[in-house]
Asks: 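Before I ask anything, here is the structure I am working with.
Start at 1 and go down the list; that is how both ligands and their atoms are numbered.
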Amino acid sequence: MENINLKINGLDVSAPAGSTILEAARLAGIKIPTLCFLKEINEIGACRMCIVEVKGARNLVAACVHPINEGMEVYTNTPQLIASRRRTLQLLLSNHDQQCLSCVRSGDCELQQLCKEYGVDDAHYYEGETTHYELDETAAHMVRDNNKCILCRRCVATCEKTQGIGVIGANNRGFDTMIGSAFEMGLGDTSCVSCGQCIAVCPTGALYEKDYTQQILDAIADPDKYVVVQTAPSVRAGLGEEFGYPMGTDVEGKMAAALRRVGFDKVFDTDWAADLTIMEEATELLDRVKNGGVLPLITSCSPGWIKYCEHYFPDMTEHLSSCKSPQQMFGAMLKTYFAEKEGIDPKKIVSVSVMPCTAKKFEIGRDDQDAAGVPDVDIAITTRELARLIKRSGIEFTMLPDEKFDDPMGESTGAAVIFGATGGVMEAALRTAVEVLTGEELANLDFTDVRGTEGVKEASYNVAGMDVKVAVASGLGNARTLLDKVKSGEADYHFIEIMGCPGGCVNGGGQPQVSGDVRNFTDVRGIRASVLYNNDAAKPIRKSHENPAIKKLYEEYLGEPGSHKAHETLHTSYVKRSVN
Ligand code: SF4
Ligand code: SF4
Ligand code: SF4
């Protein structure tokens, strides 16, 4: 690609044609601050933090959207620019609820960080009129606090463009502008799918998950409760970021050690249930293929995707696998199989899950998720909440030894851990389905065609003389593109994997927040996914149907995959919802 030569702050810089000033400066190791900018999602140049001087231009320009030209001379840090950025921050603070001491984002808030860097506090425009908004707590998964909103619109663009949903937008005009839903509806009354992608991109504490860390500590302190935790595959790939480890660090061992020290009675792994999901889902796929069932079969692990399908593609709910998600399968087996084995009353068990996902908070309250007559899962927390729980419990995470999960629900295979990356469920299912169909051992377990962070992937495999066509989509905007092709007859597949969040659960709405500065220039999804693929490659067993603990579960309790008992406990149903 052709390169463009320019000067930034007097330095000679060369950057690919089509780059913005922001990108060219970054290549030269010069940071220009941003707030509203999200690459390819929110490129509106509205917040004015990234303004720079271009020699010869009449006005200051927004570096995030302004393209570079040959011979351009740019200045990013003049006293005039610094003064202007200070003024922007002072104006933002003039109508901002500055409760930093208790704010959930204090320490990783992008507004707070910029104010610190530019030496800005609230003193300047203190006397003016301010707005006050009630918290929106109507949704199952999150709270919206417009008192901390800086109107950057990252959330709006993400909901609209990445997820193709658009249940939030800018209401009113001028001083009264606020982010909300149509007709001032609470978020919980809209067809929001609880994905939490808006939280993931918010630079401030205006959006956050409903926090249940105190309920967990209370349950642990109750001698009458038996409190068990399960952790999803992606949590081990993200949690370390909350404790200062570089992105892409696998902290599985320290996480197990921390959970034990928090005081859980058993520390189990959702990966065990991911293997179980493959047993049930592969059986369902083979049954539908052999017996003329509804195809394509679509995965059901992602509750954001499930809610999306129910709202936006209600005529396709019969394509959804009837399998509960791994979180719910785990809870179901905990309160039936494990409870019976250990002689514990399921009503005394508090089933806690740690998920990279905010939609899991919605999922635990769905109908038909109560195998033992009590909810399969009682409390679902995010990776971020787990970090808070560990810190609040006074645990020195970085000093912990690596420990293992408890038996029997802690044993898992490589197939299970890759559930957290887009294409991982498909690959895990193929490892099992191909061996069952052919009766032969697979020579190569890596289905690389379905790996990678592209939004939509397709592949075809010849299995026992039959062409099995599969597709994978992550991010709901991509899911819509794929489903439209299926509905129109343009594409026909046997099996589709859909994950609600772009890149899959590693980039879930409950994972550690990554600032715009990092997010815009880093392959967050790919780096976190590499943790899971490395973990898979290092496992002695990499196929779900070879997990000894799952084999034992079928021998001792369920019979065989797809059995009556398996259906009673591990499968569920869906509803058709409207769009609000
Ligand atoms: S959003 Fe940021 S600046 Fe505002 S109160 Fe929270 S931490 Fe402080
Ligand atoms: S949770 Fe997802 S669907 Fe709901 S408002 Fe946020 S981005 Fe939109
Ligand atoms: S809620 Fe957060 S992401 Fe949305 S506009 Fe406000 S500050 Fe920006």
Side-chain angles (χ1 to χ4, degrees), residues 34-38 41-42 44 46-47 89-90 92-116 120-122 133 135-136 138-171 177-182 185-210 302-305 307-308 311-312 357-362 382 475-477 479 500-502 508-510 513 515-516 519 579-580:
T34 56
L35 257 183
C36 67
F37 178 64
L38 269 191
I41 299 168
N42 201 39
I44 56 176
C47 74
L89 291 168
Q90 284 162 345
L92 286 173
L93 289 190
S94 71
N95 192 22
H96 185 85
D97 166 22
Q98 296 171 52
Q99 300 291 313
C100 289
L101 286 183
S102 58
C103 182
V104 70
R105 289 302 298 277
S106 193
D108 74 346
C109 166
E110 294 179 47
L111 175 63
Q112 189 187 51
Q113 181 62 28
L114 284 169
C115 287
K116 191 171 156 199
V120 169
D121 59 24
D122 69 334
Y133 299 101
L135 298 185
D136 179 357
T138 55
H141 65 298
M142 70 181 280
V143 179
R144 303 191 72 260
D145 180 359
N146 271 327
N147 303 298
K148 289 183 178 160
C149 173
I150 57 169
L151 297 173
C152 70
R153 292 166 171 76
R154 286 191 195 176
C155 57
V156 175
T158 299
C159 188
E160 172 90 36
K161 291 190 197 162
T162 309
Q163 300 299 65
I165 294 174
V167 288
I168 45 175
N171 290 341
T177 307
M178 48 90 79
I179 306 298
S181 302
M185 264 188 295
L187 192 62
D189 300 322
T190 71
S191 32
C192 161
V193 303
S194 304
C195 67
Q197 283 298 309
C198 51
I199 305 176
V201 298
C202 180
T204 73
L207 305 178
Y208 51 93
E209 70 271 89
K210 285 190 169 164
S302 165
W305 147 242
K307 193 163 186 279
Y308 178 82
H311 280 294
Y312 298 93
C357 173
T358 51
K360 293 285 176 190
K361 290 177 187 286
F362 173 81
T382 62
L476 294 169
C501 293
Q513 274 140 317
S515 74
R519 180 180 282 273
V579 174
N580 293 318

Asks: Does any part of the side chain of Val120, heavy atoms only, come nearer than 4.5 Å to the side chain of Gln90, both counted from C-beta?
Replies: yes

Asks: Just verifying a value: how many Å separate Tyr208 OH and Thr382 OG1, rounded to the nearest 0.5 Å?
Replies: 13.5 Å

Asks: Taking only residues two or more places apart in sequence or in another chain, which ones pass salt bridge (charged side-chain N to carboxylate O under 4.0 Å, His left out) with Arg144?
Replies: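 Arg144 satisfies salt bridge (charged side-chain N to carboxylate O under 4.0 Å, His left out) with no residue once adjacent residues are dropped.
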
Asks: Hey, can you pull the donor-acceptor pairs under 3.5 Å for the side chains in residues 187-195, sequence neighbours left out?
Replies:
from   : atom 1 : to     : atom 2 : distance (Å)
Thr190 : OG1    : Leu187 : O      : 2.7
Thr190 : OG1    : Cys192 : N      : 3.1
Ser191 : OG     : Tyr312 : OH     : 3.1
Ser191 : OG     : Asn580 : N      : 2.9
Ser191 : OG     : Asn580 : O      : 3.0
Ser194 : OG     : His141 : ND1    : 3.3

Asks: Against heavy atoms of Ile150, which atoms of ligand 3 measure under 4.0 Å?
Replies: 6 (Fe), 7 (S)

Asks: Between CD of Glu209 and NZ of Lys361, what distance do you get to the nearest 0.5 Å?
Replies: 6.0 Å

Asks: Output the list of atoms in ligand 3 that are nearer than 4.0 Å to some heavy atom of Leu207, sorted by atom number.
Replies: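 Answer for ligand 3: 1 (S).
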
Asks: Please name the pair of heavy atoms, one in Gln163 and one in Leu476, separated by the smallest distance, quoted to 0.1 Å.
Replies: OE1-N, 3.0 Å

Asks: Need the ligand 3 atom indices (1-based, order shown) with element for anything under 4.0 Å from a heavy-atom of Arg153.
Replies: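 Contacts of ligand 3 toward Arg153, numbered from 1: 5 (S), 8 (Fe).
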
Asks: For atom 2 (Fe) of ligand 2, which protein N/O/S atoms are closer than 2.8 Å?
Replies: Cys195 SG

Asks: Go through the steps to decide whether Asn147 and Gln99 satisfy the test side chain to side chain contact (heavy atoms under 4.5 Å, CB included), and finish with yes or no.
Replies: CA-CA 10 Å; Asn147 303 298; Gln99 300 291 313; over 6 Å; no

Asks: Less than 4.0 angstrom from a charged side-chain N to a carboxylate O is my criterion; do Arg154 and Glu110 meet it?
Replies: yes

Asks: How far does CG of Leu207 sit from NZ of Lys148, to the nearest 0.5 angstrom?
Replies: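 One gets 11.5 Å once the value is rounded to the nearest 0.5 Å.
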
Asks: Taking C-beta and beyond as the side chain, do Arg105 and Leu111 meet within less than 4.5 Å on heavy atoms?
Replies: no

Asks: Just do the side chain to side chain contact (heavy atoms under 4.5 Å, CB included) check on Cys103 and Gln112 with the steps written out, would you?
Replies: CA-CA 11 Å; Cys103 182; Gln112 189 187 51; over 6 Å; no

Asks: Test side chain to side chain contact (heavy atoms under 4.5 Å, CB included) on Arg153 and Thr177; report intermediate values, then the result.
Replies: CA-CA 11 Å; Arg153 292 166 171 76; Thr177 307; 3.7 Å; yes

Asks: I need the nearest protein heavy-atom contact for atom 4 (Fe) of ligand 1: residue, atom name and distance, please.
Replies: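 For this ligand atom, the closest protein heavy atom is His96 NE2, 2.2 Å.
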
Asks: To the nearest 0.5 Å, tell me how far Thr204 OG1 sits from Leu151 CG.
Replies: 10.0 Å

Asks: In the protein, what heavy atom is nearest to atom 6 (Fe) of ligand 3, and what distance, to one decimal place, separates them?
Replies: Cys149 SG, 2.3 Å

Asks: Give me the nearest non-hydrogen protein atom to atom 2 (Fe) of ligand 3 as residue plus atom name, then the distance to 0.1 Å.
Replies: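 For atom 2 (Fe) of ligand 3, the nearest protein heavy atom is Cys202 SG, 2.4 Å.
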
Asks: Which of the atoms in ligand 3, numbered in the order shown and given with their element, are less than 4.0 Å from a heavy-atom of Cys155?
Replies: 1 (S), 3 (S), 4 (Fe), 5 (S)

Asks: Nearest 0.5 angstrom please: Lys307 NZ to Ile165 CD1, how far?
Replies: 9.0 Å

Asks: Can you find a heavy atom in the side chain of Cys202 that is under 4.5 Å from one in the side chain of Cys155?
Replies: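 No, their side chains stay 4.5 Å or more apart.
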
Asks: Leu151 heavy atoms, cut-off 4.0 Å: which ligand 3 atoms fall inside?
Replies: 5 (S), 6 (Fe)

Asks: Which of the atoms of ligand 2 are close to His141, meaning less than 4.0 Å from one of its heavy atoms?
Replies: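 Near His141, meaning under 4.0 Å from one of its heavy atoms, ligand 2 has 1 (S).
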
Asks: Does Ile179 approach ligand 3 within less than 4.0 angstrom via side chain, backbone, both or neither, non-hydrogen atoms only?
Replies: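 Under 4.0 Å from ligand 3, Ile179 contributes side-chain atoms alone.
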
Asks: Using a 4.0 Å cutoff against the non-hydrogen atoms of Cys152, which atoms of ligand 3 qualify?
Replies: 3 (S), 5 (S), 7 (S), 8 (Fe)

Asks: Mind counting the protein N, O or S atoms sitting less than 2.8 Å from atom 6 (Fe) of ligand 1?
Replies: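 For atom 6 (Fe) of ligand 1, protein nitrogen, oxygen or sulfur atoms under 2.8 Å: 1.
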
